[in-house]
Amino acid sequence: MTATIPVYIDDIIGDVVDMVEASVLATIQVNETAALGGTKIQQIRYSKSSYNELLETLAQADGSSEERFNKYPLIHLVQDVTVERGSDVGIFGTTSLNIVFIHQTEQTYKVEDRDAKVFKPVLWPIYYDFMAQLYNSKWFVMNDTGEYRHQVTKRAYWGNRKLKSSELILNDFVDAIEVRNLNLKFFFKNC
């Protein structure tokens with residue numbers, strides 16, 4: 001058995017989120033100001049947990065005068081994370097991640113409003129920059145297509161609405177971009 005260098009996937013994704021924040025925070029603040037006449041965005045928050053823990057954490061943030069206004073935008077790495085090990089020489093492992101990009105919205109917004117005030121100014125820029133930062137990171141093996149294989153779903157009305165056909169998760173009024181099955185191969189070290 002060969003000793004391996006620890007690879008902490010949660011922390012690596014957190015580092016990617018930090019790069020996204022450094023790259024796109026000012027842009028989404030300007031975009032939201034243009035769309036809404038002002039912005040409350042102070043940061044891009046990162047979390048990692050199950051959906052149940054996310055609900056609990058966001059509910060706890062509501063009780064804090066500081067945190068309640070800094071919940072969004074949020075990039076959330078959905079747990080559990082499974083890594084397939086031992087299939088490629090020089091590769092730590094392969095995983096398929098689920099990540100959700102979330103931002104607050106207004107209950108009364110229709111889809112056209114959500115596009116103009118949430119998705120286009122905030123969520124899509126975060127998503128595209130996240131994918132660019134993955135591409136630029138030295139932790140990941142790029143596949144032949146130049147993109148990381150994944151499914152992306154735009155989820156208007158993702159929170160606090162009792163629609164039978166929707167996959168509602170959060171208690172807040174939010175819109176989201178859900179990335180499923182983000183296939184990544186990790187090197188043993190940041191090459």
Side-chain angles (χ1 to χ4, degrees), residues 4-29 32 39-62 64 66-85 91-104 118 122-143 147-153 155 158-159 169-170 172 174-191:
T4 60
I5 300 168
V7 175
Y8 302 109
I9 293 171
D10 297 0
D11 293 343
I12 294 167
I13 297 300
D15 291 343
V16 170
V17 172
D18 289 344
M19 291 185 289
V20 169
E21 183 177 56
S23 174
V24 79
L25 180 62
T27 300
I28 63 174
Q29 288 170 326
E32 186 170 74
T39 185
K40 294 180 182 176
I41 297 173
Q42 299 298 313
Q43 65 186 8
I44 296 175
R45 187 172 176 171
Y46 171 61
S47 65
K48 54 187 183 203
S49 68
S50 67
Y51 284 123
N52 287 338
E53 185 177 324
L54 176 62
L55 280 168
E56 182 180 317
T57 301
L58 291 173
Q60 289 169 344
D62 286 336
S64 166
E66 289 179 29
E67 286 188 47
R68 72 186 306 186
F69 298 109
N70 292 321
K71 295 191 299 185
Y72 305 107
L74 170 67
I75 299 176
H76 181 73
L77 174 61
V78 181
Q79 302 289 316
D80 297 330
V81 174
T82 301
V83 179
E84 182 181 330
R85 300 284 315 274
I91 301 299
F92 172 76
T94 302
T95 189
S96 181
L97 301 179
N98 296 321
I99 298 174
V100 187
F101 304 85
I102 308 166
H103 192 49
Q104 62 203 12
V118 181
V122 179
L123 288 176
W124 285 118
I126 293 172
Y127 161 79
Y128 283 114
D129 199 76
F130 183 86
M131 298 311 289
Q133 297 302 334
L134 285 179
Y135 180 82
N136 292 329
S137 173
K138 303 296 184 195
W139 277 106
F140 309 107
V141 178
M142 178 54 67
N143 66 25
E147 289 189 69
Y148 297 106
R149 187 178 176 149
H150 65 285
Q151 298 152 340
V152 59
T153 304
R155 295 213 181 270
W158 203 58
I169 302 297
L170 300 183
D172 295 328
V174 297
D175 294 322
I177 294 174
E178 184 178 22
V179 171
R180 290 183 179 243
N181 303 315
L182 176 59
N183 295 303
L184 298 173
K185 283 186 179 185
F186 288 80
F187 288 112
F188 277 106
K189 60 183 179 173
N190 189 347
C191 300

Could you tell me whether the side chain of Asn183 reaches within less than 4.5 Å of the side chain of Thr94, counting heavy atoms only? no
Going by side-chain hydrogen bond (donor to acceptor under 3.5 Å, both in side chains), name the residues that satisfy it together with Lys48, two or more places apart in sequence or in a different chain. none
Mind checking what makes ring-ring contact (aromatic ring centres under 6.0 Å, His included) contact with Tyr148, not counting sequence neighbours? none
Gln151 meets the side-chain hydrogen bond (donor to acceptor under 3.5 Å, both in side chains) criterion, sequence neighbours left out, with Asn181
Salt bridge (Lys or Arg N to Asp or Glu O under 4.0 Å): pairs with one or both residues in residues 91-104, sequence neighbours excluded: none
Please check: side-chain N/O of Thr95 versus main-chain N/O of Thr82, any donor-acceptor pairing under 3.5 Å? yes
Would you check if the side chain of Arg180 reaches a backbone N or O of Val152 as a donor-acceptor pair within less than 3.5 Å? no
Using ring-ring contact (aromatic ring centres under 6.0 Å, His included) as the criterion, list what pairs up with Tyr46, not counting sequence neighbours. none
Taken in chain and number order and not counting sequence neighbours, the residues that satisfy side chain to side chain contact (heavy atoms under 4.5 Å, CB included) with Glu147 are Thr145
Are Lys71 and Ile102 close enough that some pair of their side-chain heavy atoms sits under 4.5 Å apart? no
Pairwise side-chain contact, Lys185 with Phe140, heavy-atom cut-off 4.5 Å (strictly under): no
Among residues at least two apart in sequence or on other chains, which ones pass side chain to side chain contact (heavy atoms under 4.5 Å, CB included) with Glu53? Ser49, Ser50, Thr57
Tyr127: which residues meet the side-chain hydrogen bond (donor to acceptor under 3.5 Å, both in side chains) condition with it, sequence neighbours left out? His150
Find out whether Leu182 and Met131 are in side-chain contact, i.e. whether some heavy atom of one side chain is under 4.5 Å from a heavy atom of the other. yes
So do Trp158 and Val100 actually touch side chain to side chain, heavy atoms under 4.5 Å? yes
For Phe130, enumerate each residue passing the ring-ring contact (aromatic ring centres under 6.0 Å, His included) test, keeping only those at least two apart in sequence or located in another chain. Phe101
Min side-chain heavy-atom separation Phe188-Ile91 under 4.5 Å: no
Does Gln104 have any side chain to side chain contact (heavy atoms under 4.5 Å, CB included) partners at least two apart in sequence or in another chain, and if so, which? Lys40, Tyr72
Pairing residues for Phe69 by the ring-ring contact (aromatic ring centres under 6.0 Å, His included) criterion, not counting sequence neighbours: none
Table please: side-chain donor-acceptor pairs of residues 8-28 below 3.5 Å, with sequence neighbours left out.
| from | atom 1 | to | atom 2 | distance (Å) |
| --- | --- | --- | --- | --- |
| Glu21 | OE2 | Ile44 | N | 2.8 |
| Ser23 | OG | Asp129 | OD1 | 2.9 |
| Ser23 | OG | Asp129 | OD2 | 3.4 |

Is the shortest side-chain heavy-atom distance between Val122 and Asp175 below 4.5 Å? no
